[in-house]
Amino acid sequence: MKKIIRYLCLIVCCLPSGGFAQNAPQSIAGKVVSLSTTATVPVYALDFINISSCDLKFSYDSTIAIATGVAIGPGMGGMISTNLSTPGEVNFGWFTSGGINLPDSSVIFNLQFAKTGNGISSIQWIDNGHSCEYNDGNSLPLNDSPASDFYQ
C-alpha cells in the first residue's frame with residue numbers, strides 16, 4: 001500500500017501547473033524628475049497582448065504631489081474612468097471593444113501630478129484583488145499572481 005501511495009504522490013507532483021502562469025501584462029510606472037509645478041509620469045507595459053480592459057490602483061505621497069489626471073497612451077483608444085477623490089490614491093479603469101496588442105515598453109497611460117511640497121514620491125501599486133486586474137479580448141480576467149512581480 002505504501003508503494004502505491006508513493007507512486008501516486010510522485011505522479012501528482014510531476015503534473016504541470018500551468019494554471020498559475022502569468023498572462024497579464026506587466027505594468028511599470030516611469031521615473032520622472034521635475035523642477036516645475038507639474039509632472040507627467042508614463043506607465044509602460046510589457047506583454048500587452050489581446051487586452052480589452054484594466055482596473056489599476058496606486059498610492060503616492062500626497063504631501064509631495066497631488067494627482068490631477070490620467071490620460072490614455074497612444075495606440076490604446078477606448079475610454080477611461082478615474083477616481084482622484086482620495087488624496088494619495090488613484091484608481092482608474094480603461095476599456096475598449098475587443099482586445100488590442102501593443103509592442104513592449106509602450107506607454108499605456110500618463111499620470112498627471114501637480115506639486116504640493118518638496119521631496120520624492122514613489123508610486124506603489126495597490127493589489128488587493130480586483131484593484132489591479134487586466135482582462136483579455138473576451139473580458140476574462142488575466143492571472144497576475146504574484147502581483148508584486150508584475151506591477152513596478
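The structure presented is a predicted model; accordingly, all values stated were derived computationally and were not measured.
- Remark: side-chain polar atoms of T40 are not paired, donor with acceptor, to backbone N or O of L111 under 3.5 angstrom.
- Evaluation of the salt bridge (Lys or Arg N to Asp or Glu O under 4.0 Å) test over residues 70-83, restricted to residues two or more places apart or in two chains, returns none.
- Residue pairs meeting the side chain to side chain donor-acceptor pair (under 3.5 Å) criterion with at least one member in residues 42-53, sequence neighbours excluded, are S53-N135.
- Here the closest heavy-atom approach between residue T116 and residue A65 is recorded as OG1-N, 3.0 Å.
- Residue D136 holds its CG atom at 12.0 Å from CD1 of I49, rounded to the nearest 0.5 Å.
- Screening residues 59-79 for ring pair (Phe, Tyr, Trp, His ring centres under 6.0 Å), with sequence neighbours left out, gives Y60-F113.
- When all heavy atoms are compared, the tightest approach of P42 to V32 is CD-CG2, 3.9 Å.
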Practice prompt. Determine, stepwise, if the pair L84 / T68 fulfils side chain to side chain contact (heavy atoms under 4.5 Å, CB included).
Written response: CA-CA 7 Å; L84 308 174; T68 58; 5.6 Å; no
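- Looking at residues two or more places apart in sequence or on another chain, you find a side-chain contact (heavy atoms from CB on, under 4.5 Å) between I80 and V70, I72, T82, F92, F109.
- Evaluation of the salt bridge (Lys or Arg N to Asp or Glu O under 4.0 Å) test over residues 83-110, restricted to residues two or more places apart or in two chains, returns K57-E89.
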Discussion item. Please determine whether side chain to side chain contact (heavy atoms under 4.5 Å, CB included) holds for the pair V90 and L56, giving the CA-CA distance in whole Å, both sets of side-chain angles, and the decisive distance to 0.1 Å.
Written reply: CA-CA 8 Å; V90 174; L56 300 176; over 6 Å; no
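- A search for side-chain hydrogen bond (donor to acceptor under 3.5 Å, both in side chains) contacts involving T37 returns nothing, not counting sequence neighbours.
- Within the 4.5 Å cutoff, no side-chain heavy atoms of S59 are placed close to those of W125.
- Heavy-atom contacts from other residues, nucleotides or ligands closer than 6.0 Å to CG of L140 number more than 12.
- Under the side-chain contact (heavy atoms from CB on, under 4.5 Å) criterion, T96 pairs with W94, I100, not counting sequence neighbours.
- A donor-acceptor pair is defined here as one N or O able to donate and one able to accept, closer than 3.5 Å; such a pair exists between the side chain of S34 and the backbone of T38.
- Looking at residues two or more places apart in sequence or on another chain, you find a side-chain contact (heavy atoms from CB on, under 4.5 Å) between A45 and F48, I108.
- The distance from atom SG of C54 to atom CG of L142, rounded to the nearest 0.5 Å, is 10.5 Å.
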Worksheet item: Given the rule in the side chain to side chain contact (heavy atoms under 4.5 Å, CB included) test, do L46 and I28 qualify, once you have shown the distances and angles that lead to the verdict?
Response: CA-CA 8 Å; L46 301 175; I28 304 162; 3.8 Å; yes
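- Evaluation of the side-chain contact (heavy atoms from CB on, under 4.5 Å) rule for T63 yields D61 as partners, not counting sequence neighbours.
- Under the side-chain hydrogen bond (donor to acceptor under 3.5 Å, both in side chains) criterion, S122 pairs with Q124, not counting sequence neighbours.
- With sequence neighbours excluded, no residue satisfies side-chain hydrogen bond (donor to acceptor under 3.5 Å, both in side chains) with N138.
- Within the 4.5 Å cutoff, the side chain of I51 has heavy atoms near those of the P25 side chain.
- M79 and M76 fall into different hydrophobic clusters, defined by Ile, Leu, Val, Met, Phe, Trp and Tyr side-chain heavy atoms under 4.5 Å apart, directly or through other members.
- Across all non-hydrogen atoms, the minimal contact from G30 to V41 is O-CG1, 3.3 Å.
- Applying the salt bridge (Lys or Arg N to Asp or Glu O under 4.0 Å) test to pairs two or more places apart or on separate chains, none has a residue in residues 109-126.
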Discussion item. Evaluate F95 against D55 for side chain to side chain contact (heavy atoms under 4.5 Å, CB included), listing each step before the verdict.
Written reply: CA-CA 9 Å; F95 68 94; D55 184 19; over 6 Å; no
